2 protein chains.
Amino acid sequence: MENNENMEKKSTIELKELDEETLFMVSQTFKALSDPTRIRILFLLSQKECSVNEIAEDLSLRQSTVSHQLRFLKNLRLVKFRRAGTSIYYSPEDQHVLSLLNQSIDHALHD
Amino acid sequence: MENNENMEKKSTIELKELDEETLFMVSQTFKALSDPTRIRILFLLSQKECSVNEIAEDLSLRQSTVSHQLRFLKNLRLVKFRRAGTSIYYSPEDQHVLSLLNQSIDHALHD
DNA sequence: GTAATATATGTTCATCTGTTCATATTGTTT
DNA sequence: AAACAATATGAACAGATGAACATATATTAC
């Protein structure tokens, strides 16, 4: 009974609907960022557009691992790609998720 | 070679270290928010301080399920608690994570 | 003290995840 | 067209995860 009127500043969550669909979308978004490999891929792509092989080499991952994770990120529309010759170059598509990642890294670094 | 100087606005991720420890912390934070049950618990707690049983009843979850998830959130310092009689009341502890959740819900709702 | 209530914990189980290998597909280049 | 290069895909496996049950612990009330 002492915690019922804290919806002003400090970004407390306002009363909103949390229907099943929203809940699923939100959890999926965070799931995308819950794996170190995916974070490293997104982090790398936020710095430079990369082909699949470049990602694999830069992060010391198998090509198939990168490809599988890119499919995951692609399905969630978090990355886009373009073909260039025989390679396919990936880059981030969702600025919002990149922002969430950025904030979280900042917060972790500043302890 | 066309994506190398986009570190101004739009919250592109700046060049930072992504050491193992930071990577782990960040991924753990997002993992906490990647499960619908934990999201519902945090969302509920952001609105009112609750005992374990209140959470279980409000969200139609087993008491043990709630307790296990609370332990998870407690380990990550995302919730705090106080004892009152025979009950234990939980509330959010990490404003930053609450902010991430809030942003993500907003984004999902505004499509 | 004992009984009652609230919460925490251990274990089991089914499911989900992420990686790897092997192979298929796709587009390019000659 | 064939050969090549880059990427995607399928299957299999190990490990992680979340829910449920039963039970243990802890505090209050009597």
Side-chain angles (χ1 to χ4, degrees), chain A residues 1 20 23-45 48-91 93, chain B residues 1 20 23-45 48-91 93:
Chain A
M1 295 285 168
E20 272 305 313
L23 193 59
F24 182 73
M25 284 183 58
V26 170
S27 66
Q28 283 293 105
T29 298
F30 287 122
K31 186 160 299 188
L33 296 171
S34 71
D35 177 66
T37 300
R38 284 193 292 273
I39 293 179
R40 296 210 295 153
I41 292 176
L42 276 177
F43 185 75
L44 177 61
L45 293 182
K48 59 165 184 168
E49 190 190 37
C50 286
S51 71
V52 178
N53 272 339
E54 281 174 358
I55 298 172
E57 286 162 19
D58 282 22
L59 303 181
S60 298
L61 298 168
R62 306 290 172 137
Q63 179 268 325
S64 67
T65 298
V66 174
S67 193
H68 279 301
Q69 297 294 14
L70 285 174
R71 177 166 61 172
F72 185 108
L73 297 172
K74 213 184 332 180
N75 287 340
L76 285 179
R77 314 240 179 219
L78 300 189
V79 296
K80 61 188 175 195
F81 59 95
R82 68 177 176 87
R83 178 173 282 278
T86 125
S87 295
I88 298 185
Y89 284 86
Y90 282 82
S91 54
E93 184 163 22
Chain B
M1 296 287 167
E20 271 306 312
L23 192 59
F24 182 73
M25 284 183 60
V26 171
S27 66
Q28 283 293 105
T29 298
F30 286 122
K31 185 159 300 189
L33 297 170
S34 71
D35 177 67
T37 299
R38 284 191 292 272
I39 293 178
R40 296 210 295 154
I41 292 176
L42 276 176
F43 186 76
L44 178 61
L45 293 181
K48 60 165 182 168
E49 190 189 37
C50 286
S51 71
V52 178
N53 272 339
E54 282 174 356
I55 298 172
E57 286 162 20
D58 282 23
L59 304 182
S60 298
L61 297 169
R62 307 288 172 135
Q63 179 267 325
S64 68
T65 297
V66 174
S67 192
H68 278 299
Q69 296 294 14
L70 285 174
R71 177 166 60 170
F72 184 106
L73 297 172
K74 214 185 328 181
N75 287 340
L76 286 179
R77 314 240 180 221
L78 300 189
V79 296
K80 62 189 176 197
F81 59 94
R82 67 178 176 86
R83 166 159 250 132
T86 126
S87 295
I88 297 184
Y89 285 86
Y90 282 82
S91 54
E93 184 163 23

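Within every chain, numbering begins at 1; the chains are lettered A, B, ... in the order of the sequence lines, protein sequences first and strands thereafter. No experiment lies behind these values; they were computed from the predicted model shown.
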A:Gln28/A:Phe24 under side chain to side chain contact (heavy atoms under 4.5 Å, CB included): CA gap, chis, key distance, verdict:
CA-CA 6 Å; A:Gln28 283 293 105; A:Phe24 182 73; 3.7 Å; yes

Show every donor-acceptor pair shorter than 3.5 Å between a side-chain atom in residues 36-45 of chain A and any protein atom, with sequence neighbours excluded, or say none if there are none.
| from | atom 1 | to | atom 2 | distance (Å) |
| --- | --- | --- | --- | --- |
| A:Arg38 | NE | A:Ala32 | O | 3.0 |
| A:Arg38 | NH1 | A:Gln69 | OE1 | 3.0 |
| A:Arg38 | NH2 | A:Lys31 | O | 3.1 |
| A:Arg40 | NH2 | A:Leu59 | O | 3.0 |

Whole Å only: how far is the [atom1] atom of [X] from the [atom2] atom of [N]?
X	N	atom1	atom2	value
A:Gln69	C:dC16	CD	C1'	14 Å
A:Phe72	C:dT19	CZ	P	11 Å
B:Arg71	C:dT11	CZ	P	11 Å

Between which nucleotides of DNA chain D, read 5' to 3', does contact with chain B run, using atoms under 4.0 Å from its heavy atoms?
D:dT17 to D:dT28

According to side-chain contact (heavy atoms from CB on, under 4.5 Å), who are the partners of A:Ser51, at least two apart in sequence or on a separate chain?
A:Asn53, A:Glu54, A:Ser87, A:Tyr89

For nucleotides 24-30 of chain C, just jot down a letter per nucleotide in 5' to 3' order: B, S or -, based on protein non-hydrogen atoms under 4.0 Å.
---SS--

Should A:Leu78 and A:Glu93 be marked as a side chain to side chain contact (heavy atoms under 4.5 Å, CB included) after you check the CA-CA gap, both sets of side-chain angles, and the distance that decides it?
CA-CA 5 Å; A:Leu78 300 189; A:Glu93 184 163 22; 6.0 Å; no

What residues, two or more places apart in sequence or in another chain, satisfy side-chain hydrogen bond (donor to acceptor under 3.5 Å, both in side chains) together with A:Asp58?
A:Lys48

side-chain hydrogen bond (donor to acceptor under 3.5 Å, both in side chains) partners for A:Lys74, two or more places apart
A:Tyr90

Using a cut-off of strictly less than 4.0 Å between a heavy atom of the residue and any atom of DNA chain C, enumerate the qualifying residues of residues 60-68 of chain A by number.
A:Arg62, A:Ser64, A:Thr65, A:His68

Does any residue of residues 24-35 of chain B have a heavy atom under 4.0 Å from DNA chain C, and if so, which ones, in number order?
none

Close side-chain approach of A:Val52 to A:Leu70, heavy-atom, < 4.5 Å
yes

Residue pair A:Thr37/B:Ser87 against DNA chain C: nearer the 5' end by closest nucleotide is B:Ser87

